[in-house]
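Comments concern the structure below.
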Protein chains: 2
Amino acid sequence: MPELDQPTCNMTTLSTKERILNSTERLIAENGFAELSIRKISLQAHTNLAAINYHFGNKQQLINQVLERRLNNLFEVRKKMLHDLNQGDTQLKCNLEQILHAFIAPALYMINDEHQGGRVFMKVLARAYAEQSDSLHDLLAKRYTPIIKEFADAIHLACPKLPRQTIFWRFHFIIGALTYTMGDFGASSLSKQMPETEYFNQSVEELIQFAVSALTV
Amino acid sequence: MPELDQPTCNMTTLSTKERILNSTERLIAENGFAELSIRKISLQAHTNLAAINYHFGNKQQLINQVLERRLNNLFEVRKKMLHDLNQGDTQLKCNLEQILHAFIAPALYMINDEHQGGRVFMKVLARAYAEQSDSLHDLLAKRYTPIIKEFADAIHLACPKLPRQTIFWRFHFIIGALTYTMGDFGASSLSKQMPETEYFNQSVEELIQFAVSALTV
DNA sequence: TATCAATTCAAACGGTTGTTTTAATCGTGA
DNA sequence: TCACGATTAAAACAACCGTTTGAATTGATA
């Protein structure tokens with residue numbers, strides 16, 4: 001990843017609390033949870049060690065807030081896009097592609113939203129899945145369960161022939177593909193043949209088409 | 001995950017080196033890289049701190065060997081299964097499902113192979129993807145690149161209509177789904193409705209069918 | 001049995017970790 | 001201007017980190 005300009009540490013306009021959250025987010029994305037320390041955070045946020053404990057209690061609660069801050073927004077966007085589909089008609093009319101778009105696009109477009117740090121966060125999210133410290137895992141599971149059910153219901157309406165269990169399996173696999181893509185792992189050669197924004201736009205399209213194919217037996 | 005019986009620390013039959021490798025593997029799987037320390041490793045392996053540096057040089061080289069040990073085997077099984085498909089006929093005859101089976105099944109069957117610690121390792125592998133310490137990431141990328149190309153070639157022969165780039169994209173997504181499944185994240189409700197072995201056997205079948213559907217446009 | 005390399009061990013090294021304490025500073029309302 | 005709560009800062013805390021050292025122990029060979 002190229003050197004990012006650093007809105008993270010905009011000391012004049014951002015509060016200490018925001019700078020700490022941004023710096024934590026960035027450090028997790030760049031170096032992973034294993035190398036994260038509150039000393040590095042306070043250094044990058046241009047603040048003091050104790051400020052972290054003052055504002056967040058402890059390290060774990062800080063990490064949780066890093067996730068909660070953007071996760072709430074992401075999930076609400078997904079829900080809104082799904083509900084907007086059902087609004088025009090009573091139900092059943094919206095097709096599979098639209099449903100999957102409502103789930104996949106918000107996550108990957110967030111990656112494009114560099115100004116708001118979306119891309120950085122998506123890497124954090126991808127890492128948080130694998131980390132599975134009980135605290136993180138529980139947080140993610142709790143937040144994901146209801147929205148998965150909601151989308152699985154919508155898919156069931158769009159594809160009534162598919163057994164419900166098959167829908168859950170395949171939706172689970174699609175989330176895996178999405179998570180893996182968000183982390184930008186294994187992108188290898190593809191990502192180097194075109195500009196990054198174009199690459200991400202294409203990945204949205206490819207992933208949605210992939211998911212549609214996977215659910216169209 | 002239920003309390004595992006601990007072949008990890010079979011002090012009578014296993015060498016110190018093997019006990020260290022097994023304990024490291026298990027600790028990464030259970031608690032992640034962030035909480036891994038050589039003190040915990042030596043404690044679980046019933047050996048001394050210095051033994052780790054004596055046998056492996058340093059912590060990072062130990063981690064690398066934990067991955068290399070089983071990765072080599074996994075990749076060779078995949079290659080052999082793929083080559084066996086092409087052996088009977090000249091080429092082109094083997095179908096998509098067989099190819100994907102050759103890629104997916106060895107990984108997920110490894111999960112079932114509890115006696116050899118396969119399931120533990122698969123969690124390690126899933127975490128290693130997200131960790132992206134340069135050292136781990138390079139190791140995985142270097143090992144994965146050739147086998148991905150090999151399978152993409154086979155898929156191209158089986159599905160000549162699919163653009164080569166589409167194959168790479170979708171194969172990438174399938175690896176994501178596989179990785180995600182290996183870590184057993186988000187399995188949530190499904191995994192609790194049936195015995196574990198049955199659950200894993202079903203996941204192999206579901207994942208292969210999912211991948212076939214995804215590549216059959 | 002004596003020897004010597006391979007292995008294991010206890011102890012210590014310097015450095016970093018998350019957290020807490022205490023004092024200084026800031027900004028706002030009286 | 002004063003006072004007071006909110007915030008920031010410096011310093012110290014105990015605990016843990018990866019690594020190194022040098023001596024003790026082992027086990028096979030001569």
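These values consider heavy atoms only, across backbone and side chains, with no hydrogens, waters or symmetry-generated copies.
- Remark: side-chain polar atoms of A:Glu35 are not paired, donor with acceptor, to backbone N or O of A:Gly32 under 3.5 angstrom.
- Closest of all the heavy-atom pairs between A:Ala214 and A:Arg170 is O-NH1, 2.7 Å.
- What separates CD1 of B:Ile20 from P of C:dT7 is a distance of 12 Å, to the nearest Å.
- The distance between the ring centers of B:Phe210 and A:Phe210 falls below 6.0 angstrom.
- In this structure, B:Asn48 atom CG and C:dT8 atom P are separated by 10 Å, rounded to whole Å.
- What you find for B:Ile38 and B:Ile52 is that their closest heavy atoms are O-CD1, 3.4 Å.
- Residue B:Thr16 has no polar side-chain atom (N or O) positioned under 4.0 Å from OP1 or OP2 of C:dT7.
- Nearest approach of A:Ala107 to A:Met182, heavy atoms of both residues: CB-SD, 4.1 Å.
- For B:Phe33 and A:Phe33, the distance between ring centers is not under 6.0 angstrom.
- Note that the CZ atom of B:Phe151 and the CD1 atom of B:Ile104 stand 9.5 Å from one another [nearest 0.5 Å].
- From one end of the helix from C:dT1-D:dA30 to C:dA30-D:dT1 to the other, with five pairs defining each end axis, the axis direction shifts by 10° (rounded to 10°).
- A pairwise comparison of heavy atoms in B:Lys59 and B:Leu36 identifies NZ-O, 2.9 Å as the closest pair.
- Contacts of A:Arg69 classified as salt bridge (Lys or Arg N to Asp or Glu O under 4.0 Å), with partners at least two apart in sequence or in another chain: A:Glu25.
- Put simply, the side chain of A:Arg164 never gets that close to the backbone of A:His156: no donor and acceptor are under 3.5 Å apart.
- Protein chain B touches strand DNA chain D; the 5'-most and 3'-most nucleotides with an atom under 4.0 angstrom of its non-hydrogen atoms are D:dC17 to D:dT21.
- Taken from NE2 in A:His101 to CD in A:Glu97, the straight-line distance is 9.0 Å, to the nearest 0.5 Å.
- A:Glu76 and A:Asn72 share no side-chain donor-acceptor pair at under 3.5 Å.
- With sequence neighbours left out, the side chain to side chain contact (heavy atoms under 4.5 Å, CB included) criterion links B:Glu150 to B:Lys79, B:Leu82, B:His83.
- Sorted by residue number, the members of residues 50-58 of chain B with any non-hydrogen atom under 4.0 Å from DNA chain C read B:Ala50, B:Tyr54, B:His55.
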Which atoms of nucleotides 14-17 of chain C (N or O only) lie under 3.5 Å from a protein N or O atom, and what are those distances?
{"unit_1": "C:dT17", "atom_1": "OP1", "unit_2": "A:Ser37", "atom_2": "OG", "d": "3.1"}

